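Values in this document were obtained by computation on a predicted structure and should not be read as measured data.
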Amino acid sequence: MTTRNRNHARKEKNRETQTPALIAYHVSERGEKSFWTRIGAAWDHEDCKGLTLQLDLVPVNGGRIVLREPSEDDGQERNGKGA
């Protein structure tokens, strides 16, 4: 394994143990309700000049992607809450 690959692996592992700065949600509208589904997360760069966005799911049926600060109910979908 090269030094570059070891450093990259170390950064990836560090990111996985760090709390994300923002959570990515896909928001779809159905009638008057908004359905929020968590699809990923974003972490601050060490120099505070950007974010790394990791999407676990990419929506294909429209809607929008919203980035929000993490909250206690992170693991749950946000049904009926507007963006």
Side-chain angles (χ1 to χ4, degrees):
M1 181 181 271
T2 67
T3 302
R4 183 175 184 269
N5 288 342
R6 277 193 299 260
N7 289 340
H8 180 71
R10 189 179 309 127
K11 286 181 183 177
E12 289 295 318
K13 184 168 180 68
N14 187 29
R15 185 180 318 132
E16 290 174 5
T17 60
Q18 237 181 351
T19 301
L22 299 170
I23 303 299
Y25 295 93
H26 172 256
V27 182
S28 61
E29 307 289 334
R30 294 187 198 141
E32 293 185 17
K33 280 192 156 186
S34 296
F35 293 87
W36 292 55
T37 304
R38 182 178 171 160
I39 61 169
W43 289 264
D44 290 314
H45 288 178
E46 287 183 23
D47 64 4
C48 299
K49 293 186 178 183
L51 296 167
T52 296
L53 177 62
Q54 177 180 335
L55 296 176
D56 300 320
L57 172 72
V58 179
V60 293
N61 64 343
R64 62 189 184 276
I65 296 176
V66 176
L67 299 175
R68 303 273 302 170
E69 291 181 358
S71 67
E72 304 239 346
D73 63 342
D74 239 4
Q76 301 173 8
E77 291 182 8
R78 297 175 176 228
N79 293 326
K81 293 187 179 180

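Judged as a side-chain hydrogen bond (donor to acceptor under 3.5 Å, both in side chains), and not counting sequence neighbours, Asn61 has no contacts. Asp56 is linked by a side-chain contact (heavy atoms from CB on, under 4.5 Å) to Gln54, counting only residues two or more places apart in sequence or in another chain.
Counting Ile, Leu, Val, Met, Phe, Trp and Tyr side chains that sit under 4.5 Å apart, directly or through other members, Val58 shares a hydrophobic cluster with Leu22, Ile39, Leu51, Leu53, Leu55, Leu57, Ile65, Leu67.
Formation of a donor-acceptor pair under 3.5 Å by the His26 side chain with backbone atoms of Phe35 is not found in this model.
Scanning all heavy atoms of the two residues, the minimum distance from Pro70 to Pro20 falls at CG-O, 3.1 Å. In terms of heavy atoms, Gln18 sits closest to Trp43 at O-NE1, 3.0 Å. Scanning both residues, Glu29 and Ser34, for their nearest heavy atoms gives OE1-OG, 2.9 Å. Closest approach of Trp36 and Arg68 over heavy atoms only: CZ3-CG, 3.8 Å.
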